[in-house]
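One structure is given below, encoded as structure tokens.
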Amino acid sequence: MLRVTWVQPEDLLGHELRQAALDGREPSRIAARWTAAGGLDAPRTAGASPDRASRYLRLLAEDLLDELAELPSALAEEEPTDLGRIRSLCPDWPAPGAARVPDPARYEAAWLGRAAGCLLGKPVEKLPLDAIRDLARAAGNWPLSGWFTARGVPADLLLAHPWNRRSAATSLAENIDGMPEDDDLDYPLLNLLLLQRHGRSFTTADVARLWLDELPAGRTFTAERIAYRNLLSGIEPPHTARHRNPFREWIGALIRADVHGWTNPGAPAAAAEQAHRDAVLTHTANGVYAAMFTAAVVATAATGTHDVHTCLRTGLTVVPPRSRLARAVADAVELAERHDDFEAVVDALHARHSPAHHWVHALPNTALVAAALTHADGDFTGSICRAVSGGWDTDSNGATAGCVAGLLAGSPAALPDRWTAPLKNRLATSVPGFDGTGFDTLAQLTHREASRP
């Protein structure tokens, strides 16, 4: 039996009930109806439950998803998705600035940093925090400072905490042979294609058309898969982000944001606006803010003239200050500044966010990346290792932290060889025209798009 992940109505309903509670709606009566009918909670880690629900439960789930969408939100005024309203809530929105394009070496460091951070996090994606710590400690790699490995780890521990099934064969230290495919690298490649075809004035519809032309549906997940399905059902952007999409505040838009920052160096407002046009295909509110925040941070870091703390402060200027994301990031930065031990920072973040949020939600993951960059003071190894060691969406967090820290480092030579040499200047991907491309070539292509008038 084929159970396509992230689209089954009976599985979406549990995620939507949780999302409704987070974004200021009151779902308890609908939740009671679902439970009384025999409906189950959403799968904790998988994208689909193992067995198909009855026809009655499936139809009920579809009806309840639509009812949940109609509930009023108490947070609607403080957390809009419309760009004009977002800007009106941001008193320190950055002034327009002329882009200051760095040389290709800085872009190469950013691509390498993104790849290395992603690869570091791949084998422990979906593992709980205690499993990550136990596996690293058993290998003598704690605090985390190098690639994960199965060498020296007791067999019973490996049995209790198996590596990510899809990634272990390509991402453990003993198996790395170039950069394997990952959606955290596929989306930057797609956005590079987007800019090559449409320039920085692209529309959300341009993003949608590109995906339909070049992105296999099976390479999408969570909010991106829902939006893809909605497009095929005739739903147009930005409604694609809202229709039966409980993942609209998850991390997907954030992992697409780096290219928008790279191509607007020194212009964080333009980077945030560009990221917004991309993000609203799939996300709303805090899911969009996470992308805008990241793009503005990256745009500021790309100039090479600011420290990581200035970059993070600039990122917050494009996020509504009373939003959940702004509060989560500010809190995470404060924790990182107050504690010398990063484990204490991570434990506090998990205590605050894990009970209410899925491990792929944008809020805890954006907060963790901000905390990691702050605590490491922008150092490359410190940033990616802290981001990954904090758990949740480990490969995505490592990728974002690695991009920012790579930009701050400024060149491939400034990155430790133990992180870059195993990548062999080779990227695997299913994005047309890019499989096997070197990071030096990607840097040149990015520089070209950043330099276009």
Side-chain angles (χ1 to χ4, degrees), residues 1-20 23 25 27 30 34 39 42-43 46-49 51-71 73 81-82 183 186-187 190-191 193-194 197-198 202-253 255-256 276-288 291 358 360-362 430-432:
M1 180 177 65
L2 176 65
R3 293 285 290 164
V4 179
T5 58
W6 309 115
V7 294
Q8 312 293 346
E10 59 270 24
D11 296 328
L12 299 182
L13 199 280
H15 289 300
E16 182 59 47
L17 289 169
R18 175 181 284 191
Q19 178 59 38
D23 63 28
R25 289 171 290 146
I30 294 176
W34 178 244
S49 54
D51 300 312
R52 178 172 179 162
S54 67
R55 182 173 181 274
Y56 166 72
L57 270 184
R58 171 161 289 197
L59 292 173
L60 177 62
E62 292 176 342
D63 289 343
L64 295 182
L65 285 167
D66 293 339
E67 286 189 38
L68 283 163
E70 296 299 321
L71 292 177
S73 169
T81 300
D82 174 75
D183 60 342
D186 284 347
Y187 282 113
L190 283 164
N191 276 342
L193 269 182
L194 177 72
R197 296 181 183 182
H198 301 287
F202 70 85
T203 66
T204 306
D206 291 329
V207 180
R209 279 188 286 267
L210 178 74
W211 286 18
L212 293 173
D213 289 344
E214 308 293 359
L215 178 61
R219 295 293 184 186
T220 61
F221 306 95
T222 65
E224 287 69 28
R225 182 167 291 182
I226 294 288
Y228 204 114
R229 178 206 66 189
N230 287 341
L231 287 168
L232 295 177
S233 298
I235 297 171
E236 297 183 5
H239 301 292
T240 45
R242 303 175 190 137
H243 181 67
R244 297 180 181 174
N245 181 7
F247 314 121
R248 60 193 175 274
E249 288 195 330
W250 287 22
I251 203 172
I255 70 172
R256 312 201 302 264
H276 181 276
R277 294 199 303 277
D278 179 358
V280 294
L281 175 63
T282 53
H283 287 71
T284 64
N286 292 274
V288 173
H358 190 276
V360 188
H361 199 282
S430 56
V431 177

Pairing donors with acceptors under 3.5 angstrom, does anything connect the side chains of N230 and N245?
no

Just checking, is any N or O donor in the side chain of T5 or R225 under 3.5 Å from an acceptor N or O on the other one?
yes

Just wondering, do I30 and L71 contact through their side chains at under 4.5 Å, heavy atoms?
yes

Under a 4.5 Å cut-off applied to non-hydrogen side-chain atoms, are Q8 and R52 in contact?
no

Count the heavy atoms belonging to other residues, nucleotides or ligands that lie under 6.0 Å from CD of E67, then report whether that count exceeds 12.
yes

Can you list, pair by pair, the side-chain donor-acceptor contacts under 3.5 Å of residues 207-216, counting residues two or more places apart and other chains?
residue : atom : partner : partner atom : Å
R209    : NH2  : D206    : OD1          : 2.9
E214    : OE2  : R197    : NH1          : 3.3
E214    : OE2  : R197    : NH2          : 2.8

Within a strict 4.5 Å, meaning less than it, do heavy atoms of the Y228 and T240 side chains meet?
no

Does either side chain, that of T282 or that of R256, offer a donor lying less than 3.5 Å from an acceptor on the other one?
yes

Take the angle between the ring planes of H358 and W6 and call it parallel below 30°, perpendicular above 60°, tilted in between.
perpendicular

Only counting residues at least two apart or in another chain, list the ones meeting side-chain contact (heavy atoms from CB on, under 4.5 Å) with A20.
E16, R25, P27, L68

Please answer whether the main-chain N or O of S49 pairs with a side-chain N or O of D11 as donor and acceptor at a distance below 3.5 Å.
yes

Side chains of E62 and L13: closer than 4.5 Å at any heavy-atom pair?
no

For S73 and D23, indicate whether the former's side chain and the latter's backbone hold a donor-acceptor pair under 3.5 Å.
yes

Could you check whether any side-chain N or O of H283 sits under 3.5 Å from a backbone N or O of W250, counting only pairs where one atom can act as donor and the other as acceptor?
yes

